[in-house]
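Reviewing the structure listed below.
For clarity, every value in this text was computed on a predicted model and none was experimentally measured.
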Amino acid sequence: MVHGVWEDDGAGHALVPPPGPEGPQLPPCRPAGAGLSVALTVIPQALAYAEVAGLPPQYGLYSAFVGCFVYFFLGTSRDVTLGPTAVMSLLVSSYTFREPAYAVLLAFLSGCVQLAMRFLCLGFLLDFISCPVIKGFTSAAAITIGVGQIKNLLGLQRIPRQFFLQLYHTFRSLGETRVGDAVLGLVCLLLLLLRLMRAHAPPVHPDMPPGVRLSLGLVWTATTARNALVVSGAALMAYSCDVAGHRPFVLTGEVVQGLPAVRPPHFSVTTANGTVSFTQMVQDMGAGLAVVPLMGLLESIAVAKAFASQNNYRIDANQELLSIGLTNILGSFFSSFPVTGSFGRTAVNAQSGVCTPAGGLVTGVLVLLSLGYLTSLFYYIPKAALAAVIIMAVAPLLDTGIARTLWRVRRLDLLPLSVTFLLCFWEVQYGVLAGTLVSLLVLLRSVARPGLQAPSNICYPLFLWVAGGLHFPAVEALREAVTSRALGASPPRCAVLECSHVCSLDYTVVLGLRELLEDFRRQGLTLALVGLQEPVLHVLLSADLNVQHFPSLEEAEKYLSQEPGSQPHSFSEDSVPKPSLPC
């Protein structure tokens, strides 16, 4: 199995090979240092992702600590951190109408769906979401999120949230750009590029001079905590300007102080127009009840498998399903919106020398402390700085080379990629659903039309290689292809089917082969099979199908060409060994 991760500087979504170690490596087993490093990353990102989700900023922090504690007890990866991510926040904004009650209920219901999948063993459903669909979705999400943050980067007001309207009004309102926000946002973007320094820094060795090791340690610290440093610096600048009587930036504003109340999610909402019932809320969220939990599971499992493969340990996929499901259910009692595993913060955790999930406890405690004592400082964080954090976090999601790669590898995969990418700008659920359906149609086409390869030169007998498996949708196509090429030739000729790739047969295929054999016998010709595997032989024996079988193409050719020294391979129930393993 090829492992991969969802690449993202804070959310993690595009499936790529596991990352190798980058930058200076710290000594192992530092849960406190790892927890602090992740906390310095997650706190500014949580505030930013609440903006993406269309919720008040404190909801990002509410969503950032429950997963730390749950995963400590239930998780099987020492590296993974659960919390808000960029794409999950985008999904939340698509289905919850900027209403916190809807977002919290969506977390609860998503957790229930994920737990149900765990106990009903439905995790295999994730396998039907192909890599081109994932790439198309995450690339469209990166563009959608990035475009959505341009308004905050430039200090624009009254910009709608629908993508195409947002794009139109943003360009139309460029003349209203606030100079202070634009300058600050661009400076923050440049400073956040500090992460590139870590990729070029050599690893720390004990034999290095102390000054060099100290310098590399400072580089590692600055690049790891870059989000916190940039946001803190921007907030300090905004506070200084506010004290001096100037307001050059659009600020985050009031963040509710204190821990969230422990209470179940609201199963009904009272509005000015009346009470919205639970049934109506579920109907309003619609496809989000399937898309959100599936994408959350896919992301979290991919991240866990990637880092387990990189660091030479194993995870329990079923246990991971349990931990993410319980995190979302318990998180909803603390006003959390849906969360999942984050590639960016997991990478920070791994590079910080963590060796157990205990680092998550430190992260969770620090997030709680920030809710209790630092929310008054969050008031002064400029939205332009948070926009820069988000843009840099989602930039790796945009895979500009995927189309070129698919063109070289398998051009047909460009179809689900394009369908998903384009439709996600309209509605996320339509993009993912349509791309998945197109992928399934491509898969069904290969099942219904197995490849039949024949030599270019005309020979006697006719040789055909069955390139794929044989299942009931392929029977008529197989019969038509063999009949037209062998019995429809002038003169008609015998045929040989090379079936070494066929590992199972169903009853419909057996009936189709019986009819095909009769067609050949009526014309006094032979249809021979070569390379049948043991389970296939047993199926043919059970169906009393009288077929000529040869172990190799050479023996089949000699027999059908009436050359001496070769006899068809006969088989019976006693001569065919029982298969020890399913094919």
Side-chain angles (χ1 to χ4, degrees), residues 3-19 42 45-46 49 52-53 63-64 67 70-71 75-77 79-95 106-107 110-111 113-114 117-118 123 125-142 144-145 288 290-309 315 317 319-328 331 336-350 393-394 396-399 420 424 428-429 431-432 435-436:
H3 294 293
V5 298
W6 298 74
E7 181 176 303
D8 178 352
D9 191 25
H13 293 283
L15 194 64
V16 296
V42 71
Q45 283 187 346
Y49 291 152
V52 176
S63 307
V70 172
Y71 201 80
T76 59
S77 170
D79 301 303
V80 168
T81 63
L82 301 181
T85 63
V87 173
M88 189 58 65
S89 301
L90 175 65
L91 292 175
V92 170
S93 71
S94 301
Y95 298 112
L106 180 59
S110 295
V113 171
Q114 290 163 340
M117 292 181 65
R118 158 65 179 87
L125 294 176
L126 301 177
D127 299 335
F128 288 95
I129 304 178
S130 66
C131 188
V133 172
I134 295 169
K135 291 281 191 178
F137 164 66
T138 53
S139 296
T144 301
I145 295 171
V291 175
V292 171
L294 282 177
M295 296 308 294
L297 286 177
L298 188 62
E299 178 179 357
S300 189
I301 295 296
V303 172
K305 285 186 176 180
F307 280 87
S309 176
I315 65 163
Q319 189 72 9
E320 293 295 310
L321 294 179
L322 178 64
S323 63
I324 183 67
L326 279 180
T327 294
N328 280 315
S336 166
F337 60 81
V339 301
T340 184
S342 163
F343 169 74
R345 295 193 295 274
T346 299
V348 170
N349 203 24
V394 301
L397 287 172
L398 183 59
D399 191 343
T420 305
C424 276
V428 172
Q429 66 268 29
V432 175
T436 303

Heavy atoms of R118 and Q319 approach each other most closely as NE-N, 4.4 Å
Shortest non-hydrogen pair, N328 vs P338, comes out as OD1-CA, 3.4 Å
Sorted by chain and residue number, the side chain to side chain donor-acceptor pair (under 3.5 Å) partners of S130 (sequence neighbours excluded) come out as S439
Here the gap from K135 atom NZ to L397 atom CG, rounded to the nearest 0.5 Å, amounts to 9.5 Å
(message) Let's go through V428 and F137 carefully: what are the C-alpha distance in whole Å and the side-chain angles of both, what is the deciding distance for side chain to side chain contact (heavy atoms under 4.5 Å, CB included) to 0.1 Å, and is it a yes or a no?
(response) CA-CA 8 Å; V428 172; F137 164 66; 3.6 Å; yes
* Asked: Short question: side chain of T144, backbone of A140 - any donor-acceptor pair under 3.5 Å?
  -> yes
Under the 3.5 angstrom rule, does the side chain of Q429 hit a backbone N or O of G288 as a donor-acceptor pair? no
Rounded to the nearest 0.5 Å, the CG atom of L294 sits from the CG atom of L91 at a distance of 11.0 Å
In this structure, CG of L326 is separated from OH of Y71 (nearest 0.5 Å) by 13.0 Å
Heavy atoms of A393 and P396 approach each other most closely as O-CD, 3.5 Å
By side chain to side chain contact (heavy atoms under 4.5 Å, CB included), P293 pairs with (sequence neighbours left out) S110, V113, Q114
Under the 3.5 angstrom rule, does the side chain of T76 hit a backbone N or O of I315 as a donor-acceptor pair? no
To the nearest 0.5 Å, atom CZ of F307 lies from atom OG1 of T346 at 6.0 Å
OG of S139 to CD1 of I134, rounded to nearest 0.5 Å, is 11.5 Å
CG of L125 to OG1 of T436, rounded to nearest 0.5 Å, is 11.0 Å
Sorted by chain and number, sequence neighbours left out, side chain to side chain contact (heavy atoms under 4.5 Å, CB included) with A141 holds for V87, L90
Across all chains, not counting sequence neighbours, the side chain to side chain contact (heavy atoms under 4.5 Å, CB included) partners of T327 are V70, L82, V339
Between V394 and A86, the two heavy atoms sitting closest are CG1-CB, 3.4 Å
Residues passing the side chain to side chain contact (heavy atoms under 4.5 Å, CB included) test with S89, sequence neighbours excluded, are Y49, V52, A53, F337
Kindly indicate, with the supporting measurements, whether the criterion side chain to side chain contact (heavy atoms under 4.5 Å, CB included) is fulfilled by V42 and T81.
CA-CA 10 Å; V42 71; T81 63; over 6 Å; no
All heavy atoms of I324 vs all of L321, minimum pair found to be CG2-O, 3.2 Å
Checking L297, V303, I301 against E320 for side chain to side chain contact (heavy atoms under 4.5 Å, CB included), the one that qualifies is I301
